[in-house]
Amino acid sequence: MERTFAIIKPDAVERKLAGKILARIEEKGFTIAGMKKIQLTRKQAEGFYYVHNERPFFNDLCAFMSRSPVIVLCLEKENAIADWRTLMGATNPANAEPGTIRKDFAVNIEENSSHGSDAPETAAFEIPYFFSALELV
Ligand code: UDP
Ligand code: MG
């Protein structure tokens, strides 16, 4: 079993797409080990995305991620990290495969409806950024 970290981003929560995205997650066999609705502060968004802090999109990304609530998730399954990236689709929805969350729901490359850890080391940072061990079941 592997765990990954996921976010249903502000654009999707605002458009009331959380239920549809959660249904896809469960249909693909993920177990929801942890879930909560929170609103990130600007500082929390900056800390979460620190690896991108030199990128030109960093400021806009952090403003977007803190503008309204998100749903943060810890997902469990064999091969959870890669399988959740596949289910999300490419970062830019224009390049995402049909049937992926980003192809079907994203607004654009920034407001792309979902986040997923990209490697085991990333998941190991991201999961405890949001969840204590006691919140994962
Ligand atoms: N992003 C953006 N412009 C870009 C690339 C990324 O606004 O040119 C945003 C987008 O919301 C993306 C996030 O920054 O999901 C993190 O970028 P990353 O390259 O890590 O993509 P991801 O891992 O989310 O597919
Ligand atoms: Mg990434």
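Whatever order the structure lists them in is the order used to number ligands and atoms, beginning at 1.
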Does [atom1] belonging to [X] count more than 12 external heavy atoms closer than 6.0 Å?
X   : atom1 : result
E97 : CD    : no
K36 : NZ    : yes
K77 : NZ    : yes

Are [X] and ligand 1 in contact, using a heavy-atom cut-off of under 4.0 Å?
X    : answer
K9   : yes
H52  : yes
R85  : yes
N112 : yes

Around [atom], find the nearest protein heavy atom and jot down its residue, atom name and distance.
atom                    : answer
atom 22 (P) of ligand 1 : T91 OG1, 3.6 Å
atom 10 (C) of ligand 1 : I109 O, 3.2 Å
atom 5 (C) of ligand 1  : F57 CE2, 3.5 Å
atom 11 (O) of ligand 1 : E110 O, 2.8 Å
atom 24 (O) of ligand 1 : R102 NH2, 3.0 Å

Between F48 and F130, is the gap from one ring center to the other below 6.0 Å?
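So the answer is yes for these two rings.
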So, is E111 polar-close to ligand 1, with some N/O to N/O distance under 3.5 Å?
no
Matching residue for Y50 among F125, Y129, F58 - test: ring pair (Phe, Tyr, Trp, His ring centres under 6.0 Å)
F125
Show the nearest heavy-atom pair for residues M65 and A45, with the distance to one decimal.
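Answer, listing the atom of M65 first, then A45: CB-CB, 4.2 Å.
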If you measure from each non-hydrogen atom of L61 to ligand 1, which part falls under 4.0 Å: side chain, backbone, both or neither?
side chain
Between the side chains of E111 and R67, is the shortest nitrogen-to-carboxylate-oxygen separation below 4.0 Å, so that they form an ion pair?
yes
State whether R24 and E27 are salt-bridged, where the test is any N-O pair (Lys NZ or Arg NE/NH1/NH2 against Asp/Glu carboxylate O) under 4.0 Å.
no
